[in-house]
Amino acid sequence: MLQHLRHEEIMRRVRQSGATSVADLARLLGVSPSTIRRDLEVLDRDGTLRRVRGGALASFDADDDRPFSEVAAVDEQDKDAVAARAAELVRDGDVVLLDIGTTTVCLARRLRGREVTVVTSSLAVLDVLRSDPVVELLLLGGRLRKQYHSLVGVLTEESLRQVVADRVFLGGSGVRPDGQLVDTTLAEVPLKRAMIASARQVVLLVDHHKFPGSGALRVCGPEDIDVIVTNRGADAETLANCSAAGAEVVFA
C-alpha cells in the first residue's frame with residue numbers, strides 16, 4: 001500500500017476510535033510495525049495525530065471537533081441495520097435509556113409511534129422524538145456539547161440516579177479483542193457508566209467496523225453487557241470472548 005493511502009487509513013482509524021496501536025495498524029494494513037512507526041512519526045510531526053508509546057492518539061477530541069452530521073454519515077447503512085434489529089428488543093411500556101451517539105439516533109427513529117418512555121441526554125434524539133404524540137420523552141440536563149448535540153457532566157449523571165430503566169442502549173468507539181468496551185470522549189465515559197447502573201439490561205449497539213476496536217478510555221467489561229447487536233462480519237474472536245463472558249450476540 002502506498003504511503004499516502006496508509007496515512008489516510010491511519011487517520012480514519014484514529015478519528016473513529018481516538019486511539020490505536022502499532023500492532024493493530026500493522027495487522028490492518030498488512031505492513032511491518034516498523035513501517036507503521038515511521039508513518040506515525042511523520043503524522044506526529046505534521047500535527048495530524050499525537051504519537052505515544054505503542055501507538056497514537058487523536059490530537060483533538062474527535063467527537064467534539066467533527067460535526068454530528070459528519071459522524072452520522074459514516075457507515076450509515078450498517079448503523080441503521082443494527083438499530084432496526086435493536087428496536088425489536090423493545091416492548092411496549094418499556095422505559096429505555098438512549099446513549100449519546102449516532103446509532104442510538106437511528107434507533108430513536110425506529111421507536112416513533114411506540115408506547116415507550118425514552119430517557120436521554122442526546123439532543124439529536126430529542127429532535128427525532130420531540131413531536132411524536134405517543135412516545136414519552138425525558139431529557140436529562142447537563143453541560144451542552146454543541147458540536148455533538150448532547151448534554152454531559154455531573155448534572156446529567158446525578159439525574160440518572162433517579163432513573164430505573166428496563167434497558168439501556170449504549171454506543172461506543174470500539175470493542176477490544178478481550179471484550180472491553182472503550183470510548184474516546186472523556187465526558188461520555190462516566191455518563192455511560194451511570195446509564196449502565198440505571199438499567200436492568202444493557203444492550204450494546206456497535207456496527208461490525210468496531211470489532212475489534214480501539215480507544216483510550218475503558219467503559220466496562222464484557223461481563224457488564226447483556227446483549228450485543230451488530231452486523232455479520234464483526235470479528236469472530238472478539239465476539240467469542242464477549243459470549244464467553246455472558247453477553248448474547250444478536251446479528252442485524
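This structure is a prediction, so every number in the text was calculated from the model and none was measured. Quick note: numbers below take in every heavy atom, side chains included, and nothing from hydrogens, waters or symmetry partners.
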> Short question: side chain of D226, backbone of V202 - any donor-acceptor pair under 3.5 Å?
Replying inline: yes

> Is the number of heavy atoms from other residues, nucleotides or ligands within 6.0 Å of CD (E88) greater than 12?
Replying inline: yes

> Does the side chain of T156 come under 3.5 Å of the side chain of S159 through a donor N or O and an acceptor N or O?
Replying inline: no

> Does the side chain of R167 reach to within under 4.5 Å of the side chain of L97, using non-hydrogen atoms?
Replying inline: no

> Does atom CD of E223 have more than 12 heavy-atom neighbours from other groups under 6.0 Å away?
Replying inline: yes

>> For a 4.5 angstrom cut-off between non-hydrogen side-chain atoms, does L140 reach V119?
In response: yes

>> Taking I10's backbone N and O only, do any of them form a donor-acceptor pair with R6's side chain (distance below 3.5 Å, no angle check)?
In response: no

> If every non-hydrogen atom of C242 is compared with every non-hydrogen atom of G179, which pair is closest and at what distance?
Replying inline: SG-CA, 3.7 Å

>> Are the side chains of D178 and T238 in contact, using a 4.5 Å heavy-atom criterion?
In response: no

>> Assigning hydrophobic clusters by single linkage (Ile, Leu, Val, Met, Phe, Trp, Tyr; side-chain heavy-atom cutoff under 4.5 Å), is L155 placed with L98?
In response: no

>> Closer than 3.5 angstrom, by distance alone: can the side chain of D207 be matched with the main-chain N or O of N231 as a donor-acceptor pair?
In response: no

> When rounded to the nearest 0.5 angstrom, what is the spacing between CZ in R193 and CG in L181?
Replying inline: 10.0 Å

>> Which heavy atom of P33 sits nearest to which heavy atom of A26, and what is that distance?
In response: N-CB, 4.0 Å

> Is S198 reaching over with its side chain to a backbone N or O of L160, donor-acceptor style, under 3.5 angstrom?
Replying inline: yes

> Is it true that R110 and D80 make a salt bridge, defined as a side-chain N closer than 4.0 Å to a carboxylate O?
Replying inline: yes

> Hey, does the side chain of K210 reach the backbone of G172 with a donor-acceptor pair shorter than 3.5 angstrom?
Replying inline: yes

> Which distance, rounded to the nearest 0.5 Å, do you find between the CG of L111 and the OG1 of T117?
Replying inline: 11.0 Å

>> Ignoring hydrogens, what is the shortest heavy-atom contact between H208 and A234? Give both atom names and the distance.
In response: CB-N, 3.5 Å

> Taking atom types as modelled, is there a side-chain donor on K79 or T102 under 3.5 Å from an acceptor on the other?
Replying inline: yes

> Salt bridge between R38 and E41, side-chain N to carboxylate O under 4.0 Å?
Replying inline: no

> Nearest heavy-atom pair of G55 and L40: which atoms, and what distance?
Replying inline: O-CD1, 3.7 Å

> Any donor and acceptor pair, going by atom type alone, linking the side chain of R85 with main-chain N or O of V250 inside 3.5 Å?
Replying inline: no

> Taking atom SG of C220 and atom CD1 of I196, what is their separation to the nearest 0.5 Å?
Replying inline: 4.0 Å

> Can S122 and T120 be said to form a side chain to side chain donor-acceptor pair (under 3.5 Å), step by step?
Replying inline: CA-CA 5 Å; S122 168; T120 189; 4.6 Å; no

> Do V229 and L89 pass the side chain to side chain contact (heavy atoms under 4.5 Å, CB included) test, and can you show the C-alpha distance, the side-chain angles, and the key distance before you say yes or no?
Replying inline: CA-CA 10 Å; V229 185; L89 304 178; 4.0 Å; yes

>> So does V31 get a backbone contact from the side chain of T35, meaning a donor-acceptor N/O pair under 3.5 Å?
In response: no

> Shortest non-hydrogen contact from R114 to D92?
Replying inline: NE-OD1, 3.2 Å

> Can we say E188 and R145 salt-bridge, meaning some charged N sits less than 4.0 Å from an Asp/Glu carboxylate O?
Replying inline: yes

> Does D166 come within less than 4.0 Å of R200, counting only side-chain N to carboxylate O?
Replying inline: yes

> Should L28 and V22 be counted in the same cluster of Ile, Leu, Val, Met, Phe, Trp and Tyr side chains packed under 4.5 Å apart?
Replying inline: yes

> Is there a path of hydrophobic side-chain contacts, each under 4.5 Å between heavy atoms of I, L, V, M, F, W or Y residues, that connects V219 with V249?
Replying inline: yes

> Salt bridge check: are R112 and D132 linked by an N-O gap of less than 4.0 Å?
Replying inline: no

> So T103 and V206, side chain to side chain contact (heavy atoms under 4.5 Å, CB included) or not? Walk me through it.
Replying inline: CA-CA 8 Å; T103 307; V206 277; over 6 Å; no

>> Please tell me whether V134 and L107 are part of a single hydrophobic cluster in this structure, the criterion being side-chain heavy atoms less than 4.5 Å apart.
In response: no

>> Set out, in order, the CA-CA distance, both residues' side-chain angles and the distance that settles side chain to side chain contact (heavy atoms under 4.5 Å, CB included) for Q201 and V227, then state yes or no.
In response: CA-CA 8 Å; Q201 184 185 53; V227 181; 3.7 Å; yes

>> Rounded to the nearest 0.5 Å, what separates atom CD1 in I100 from atom CG in L151?
In response: 7.5 Å

>> Does any part of the side chain of V125, heavy atoms only, come nearer than 4.5 Å to the side chain of V128, both counted from C-beta?
In response: no

> So do N241 and P222 actually touch side chain to side chain, heavy atoms under 4.5 Å?
Replying inline: no

> Any ion pair linking R176 and D24 (charged N to carboxylate O, less than 4.0 Å)?
Replying inline: yes

> So do the side chains of L170 and V203 get within less than 4.5 Å of each other, counting heavy atoms only?
Replying inline: no

>> Can you confirm whether I36 sits close enough to L29 that some side-chain heavy atom of one is under 4.5 Å from a side-chain heavy atom of the other?
In response: yes

>> I'd like to know if the side chain of D94 and the backbone of V96 have a donor-acceptor N/O pair within less than 3.5 Å.
In response: no

>> Set out, in order, the CA-CA distance, both residues' side-chain angles and the distance that settles side chain to side chain contact (heavy atoms under 4.5 Å, CB included) for V90 and F169, then state yes or no.
In response: CA-CA 10 Å; V90 179; F169 291 94; 3.6 Å; yes

>> Could you see if V118 belongs to whatever hydrophobic cluster contains V164? Use Ile, Leu, Val, Met, Phe, Trp, Tyr and a side-chain cutoff under 4.5 Å.
In response: no

> How long is the span from the CD1 atom in I225 to the CG atom in L204, to the nearest 0.5 Å?
Replying inline: 4.5 Å

>> Tell me the closest heavy-atom pair linking A86 and L205, and the distance in Å.
In response: CB-CD2, 3.5 Å

> Can you tell me how far OG1 of T230 sits from CG of D78, rounded to the nearest 0.5 angstrom?
Replying inline: 8.5 Å

